[in-house]
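Side chains are part of it too, since the values below use all heavy atoms of this structure and drop only hydrogens, waters and symmetry mates.
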Amino acid sequence: QGEVGSTIYIDSAGDKVIGTYADMNQFGVNQALDWSLIAITPLDQIAQSTRETRDTLLIIGLLIEVLSLIFVWKVVGGLTKSLNRFAVEATNIAQGDFSGRHHQKQETGGALGALGSAFTTMAHNLELSIGKLKEREQNLSITLNSIGDAVIATDADGNVTRMNPVAEQLTGWSTQESSGLPFKSIFPIINARTREPIENPVEKVISTGETVYLSNDTTLIAKDGTEYQISDSAAPIRNGDDDILGVVVIFNDITESYKLKREATAQLEQLKLLTAENIESHARADTAIKNSRDSIITIDDRGIIESGN
């Protein structure tokens, strides 16, 4: 009495059933009975219902899992394709090919849309910057090739980066051959008088940061052994932070003028020597005339008396 519970037993038909019961007296029902049976359910029916519920839940779970996989595959597949397109396009841009950017499929919406838009903007700005750099490079090449002096530029390590045609002619090295080589290997210079090597001007500029001028007695030995007298200056190339990015060397061929100067100097020295000898000769003659016991008169080619004792 006063209990509520359930029990398994065999009913009159011989089937196992589960009976749920409660003392109904406590609810004021059926006062004549000590116990009241509430519900009787066959165990087979409960087991079958449980199996059906389990199978139903299993099927639902499998369907959910399949749908989830399909959804993930779609999302990841689409994301992978988009990222692959970005990767291919980035590789092409890194190699200087911007043609694919104009045909790039735009992603719409969400993070991919923002990424695609940012990528397109970045590629466009990069293309414009590279275009401006190429234009400046062309203008610089035109300017260098138009200069009458020889020009060689190096990087901060003293390796050749560019030459103009005049420099190629005087050194005997082409831009392709010299590119990346140490400056001193393509620009051997010596003193014309002593034949001693002269310090590399590029190394001096890099170490001191100052402009260097070479003497007029500088001889450049070209690749084929030809010698040129040159006048030379080397100056640092600096960026906005005053860091040295490289060196520019400007020189020109003064072989003819140097030769004429040497000849003029030699003639002047000879003239001085002759003048000194002439003066000394006249002095000796004057002395001889004055000291002579004979009467001596000197006349010029016009018959005019110049001197006498």
Side-chain angles (χ1 to χ4, degrees), residues 129-266 268-269:
S129 298
I130 291 178
K132 291 180 180 179
L133 288 175
K134 287 183 177 179
E135 183 179 357
R136 292 177 183 175
E137 179 72 16
Q138 290 176 350
N139 292 336
L140 178 59
S141 297
I142 292 173
T143 302
L144 285 178
N145 293 340
S146 302
I147 293 177
D149 294 332
V151 180
I152 300 177
T154 76
D155 57 22
D157 295 322
N159 298 320
V160 177
T161 57
R162 69 168 66 243
M163 302 171 65
N164 71 346
V166 181
E168 290 180 333
Q169 179 182 356
L170 292 180
T171 62
W173 292 83
S174 68
T175 301
Q176 291 74 18
E177 291 175 326
S178 63
S179 181
L181 294 179
F183 174 80
K184 61 182 180 182
S185 67
I186 66 138
F187 198 81
I189 49 178
I190 60 174
N191 184 285
R193 297 179 182 274
T194 65
R195 306 297 293 180
E196 293 293 328
I198 297 177
E199 181 182 5
N200 182 355
V202 169
E203 292 179 353
K204 190 172 182 179
V205 170
I206 292 175
S207 62
T208 64
E210 299 177 352
T211 300
V212 173
Y213 299 92
L214 298 181
S215 70
N216 289 333
D217 291 324
T218 302
T219 299
L220 169 66
I221 303 176
K223 186 179 180 182
D224 61 0
T226 304
E227 296 186 1
Y228 298 96
Q229 295 303 129
I230 61 171
S231 63
D232 173 280
S233 66
I237 302 172
R238 300 181 183 273
N239 61 11
D241 297 326
D242 208 33
D243 299 322
I244 295 179
L245 302 181
V247 178
V248 59
V249 180
I250 302 176
F251 58 101
N252 53 66
D253 180 11
I254 60 170
T255 302
E256 290 300 322
S257 61
Y258 183 82
K259 181 180 178 180
L260 292 175
K261 181 179 178 181
R262 291 289 299 272
E263 291 177 352
T265 301
L268 180 61
E269 293 295 329

N/O donor-acceptor pair under 3.5 Å between Asn191 side chain and Arg193 backbone: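 Checked: pair present.
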Tell me, please, which residues at least two apart from [X] pass side chain to side chain donor-acceptor pair (under 3.5 Å).
{"X": "Thr175", "value": "Glu168"}
{"X": "Asp253", "value": "Thr255"}
{"X": "Ser174", "value": "Glu177"}

Nearest atoms (heavy-atom pairs only) where [X] meets [Y]:
{"X": "Pro201", "Y": "Ala234", "result": "CB-CB, 4.1 Å"}
{"X": "Thr211", "Y": "Pro236", "result": "OG1-CD, 4.1 Å"}
{"X": "Ser178", "Y": "Met163", "result": "OG-SD, 2.9 Å"}
{"X": "Leu181", "Y": "Ser185", "result": "CB-OG, 3.9 Å"}

Can you pull the salt bridge (charged side-chain N to carboxylate O under 4.0 Å, His left out) pairs that have at least one residue in residues 200-216, sequence neighbours excluded?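 Residue pairs with at least one partner in residues 200-216: Lys184-Glu203.
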Worked verdict on Asn164 versus Val151 for side chain to side chain contact (heavy atoms under 4.5 Å, CB included): CA-CA 6 Å; Asn164 71 346; Val151 180; 3.9 Å; yes
Side-chain donor-acceptor pairs of residues 241-249 under 3.5 Å, sequence neighbours excluded:
none

Partners meeting side-chain contact (heavy atoms from CB on, under 4.5 Å) with [X] (sequence neighbours left out):
{"X": "Ser207", "answer": "none"}
{"X": "Ser179", "answer": "none"}
{"X": "Thr161", "answer": "Ala153, Asp155"}

[atom2] on [Y] to [atom1] on [X], rounded to 0.5 Å:
{"X": "Thr171", "Y": "Ile186", "atom1": "OG1", "atom2": "CD1", "value": "5.0 Å"}
{"X": "Asn200", "Y": "Ile189", "atom1": "CG", "atom2": "CD1", "value": "7.0 Å"}
{"X": "Ile230", "Y": "Leu214", "atom1": "CD1", "atom2": "CG", "value": "6.5 Å"}
{"X": "Ile254", "Y": "Leu220", "atom1": "CD1", "atom2": "CG", "value": "11.5 Å"}

Could you walk me through whether Ile221 and Ile190 pass side chain to side chain contact (heavy atoms under 4.5 Å, CB included), step by step? CA-CA 8 Å; Ile221 303 176; Ile190 60 174; 4.1 Å; yes
Pairs where residues 165-221 contributes a residue and the test ring pair (Phe, Tyr, Trp, His ring centres under 6.0 Å) is met, not counting sequence neighbours: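 Found Phe183-Phe187, Phe187-Phe251.
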What pairs meet the side chain to side chain donor-acceptor pair (under 3.5 Å) rule with one or both residues in residues 226-235, with sequence neighbours excluded?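 Side chain to side chain donor-acceptor pair (under 3.5 Å) check on residues 226-235 returns Arg195-Glu227, Thr219-Gln229, Asp224-Thr226, Ser231-Asn252.
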